[in-house]
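Take a look at the structure below.
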Amino acid sequence: MTYEIPGAIEITPLFDSGAKINLFHAASGTSVEIYTFGATVTAWRARTGENSLFLSEKADLSGAQAIRGGIPIIFPQFGNGPLPAHGLARNRDWELVLSEMGPHLPTTVTLKLESNRKTLAIWPHKFLAEYTISLDETLRTELRITNTGDTDFSFQAALHSYFSIADIERVAISDLSTVTYIDKLAALEHKTENNSELRISSETDRVYLNSPNTILVRDETSGTGIAMEKSGFADAVVWNPWIEKSAGMKDLSADDFKKFVCVEAGQIDTPVTLAPGLNWIGIQELQRIDLQPRWGEI
Ligand code: BG6
């Protein structure tokens, strides 16, 4: 069974493990690159070819560790805890199970990850995770978790998007004003966002609770922005490691902290509890926005 569709879906088997999948959407000229390892989207390009997602030049793409950049999937644990950091989904090979395209449809693939002997050894719950990536002018990613076991389980999840930006000090994230956040850098203290435009000038690691479902990341250098629209995910994470933390990360270069900001759709503060047979869906949709004034609008 091949999931390749000429002109829309290309699959390149990788020497180490898994495959790379490239999606093209002819009508909008957009493309996406996905590694089956972690079901990680690593590139999202407009017609002009620029990757709107940051992917570290030092990212390990061999399947040995989670990919630094793109959109890693966090499940069933956010951050540190009894499981490996950010859970078990971002560093396992997912299986491609569906591909679709049509003249008036987005180009779409679905990958799945099922519990197995190795996942059950570290997280004793039977689950099915399905991840559908749909590409047209926008990039829509949908994570569906089903409880395939016979007891309830609880989990956290997030889509850990790394947005590519020209200069972190000329980025504004809006509008999180009045939203309560957990400051991971201040002993998990609860604080309230006072700024309608959040700007980053030092290490930042926050979970905004019950955040608005649309968040705009505006890059003043390029005059472009990305609108992130989420549903199913109550929270949003904003993360940038800044100078010292990135210097300690093997898969980032010294200056990389300037080139990305993570704004993540997440279900973090209140884990989801699923009874046997039930499922939960979280969706993130990304859209590029041109913020340059045009002749006639000035
Ligand atoms: C963010 C967390 O989501 O991911 C941060 O809020 C963490 O605390 C960051 O440092 C990166 O995590 P990792 O495991 O990919 O280095």
Side-chain angles (χ1 to χ4, degrees), residues 35 37-42 53-92 122-123 141 143 155-165 168 171 173 176 179-191 193 198 200 202-211 215 217 226 228 230 233-272 282 284 286:
Y35 280 75
F37 183 71
T40 316
V41 175
T42 50
L53 300 174
F54 168 84
L55 177 65
S56 170
E57 284 179 7
K58 292 188 174 173
D60 184 343
L61 301 172
S62 73
Q65 64 180 76
I67 295 173
R68 178 69 61 201
I71 314 179
I73 298 174
I74 293 177
F75 169 81
Q77 169 192 291
F78 174 75
N80 295 324
L83 295 179
H86 287 330
L88 50 74
R90 65 174 179 167
N91 44 21
R92 291 210 150 55
I122 57 169
W123 195 58
T141 47
L143 180 64
F155 66 90
Q156 297 164 304
L159 299 178
H160 193 310
S161 304
Y162 287 73
F163 296 125
S164 174
I165 50 173
I168 186 72
V171 164
I173 301 166
L176 294 165
V179 180
T180 301
Y181 64 90
I182 296 174
D183 190 343
K184 292 183 70 181
L185 303 175
L188 305 182
E189 197 183 319
H190 282 59
K191 300 182 178 173
E193 181 59 66
L198 169 65
I200 295 180
S202 60
E203 186 184 352
T204 303
D205 195 354
R206 302 175 176 182
V207 182
Y208 285 85
L209 307 178
N210 291 311
S211 74
I215 299 175
V217 180
I226 291 178
M228 188 258 267
K230 63 183 176 64
F233 292 107
D235 310 317
V237 180
V238 177
W239 177 63
N240 181 282
W242 212 250
I243 302 167
E244 275 174 30
K245 193 159 275 179
S246 5
M249 296 170 76
K250 285 202 200 81
D251 49 8
L252 281 181
S253 304
D255 272 0
D256 276 351
F257 75 95
K258 294 180 186 162
K259 301 180 193 160
F260 74 84
V261 63
C262 288
V263 179
E264 311 162 32
Q267 184 66 37
I268 294 164
D269 195 44
T270 307
V272 179
Q284 172 182 268
L286 305 179

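Ligands are counted one by one from 1 in listed order, and the atoms in each one are counted from 1 as well. All values below were derived from every heavy atom in this structure, side-chain atoms included, with hydrogens, water molecules and symmetry-related copies excluded. These numbers come from a predicted model, not from an experiment.
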So CG of Leu61 and OG1 of Thr40: to nearest 0.5 Å the spacing works out to 9.0 Å
Decide if the gap between the ring center of His190 and the ring center of Tyr181 is smaller than 6.0 angstrom.
no
Minimum side-chain heavy-atom gap Leu176-Ile215 below 4.5 Å:
yes
Say you draw a straight line from CD1 of Ile165 to CZ of Phe260; how long is it, rounded to the nearest 0.5 Å?
8.5 Å
Between Gln284 and Ser161, a side-chain donor and acceptor under 3.5 Å:
yes
Report all protein residues having a heavy-atom distance below 4.0 Å to some atom of ligand 1; order the list by chain, then number.
Arg68, Phe78, His86, Arg90, His160, Lys184, Asp205, Val237, Trp239, Met249, Glu264
Sequence neighbours left out, what passes salt bridge (charged side-chain N to carboxylate O under 4.0 Å, His left out) with Asp183? Give chain and number order.
Lys191
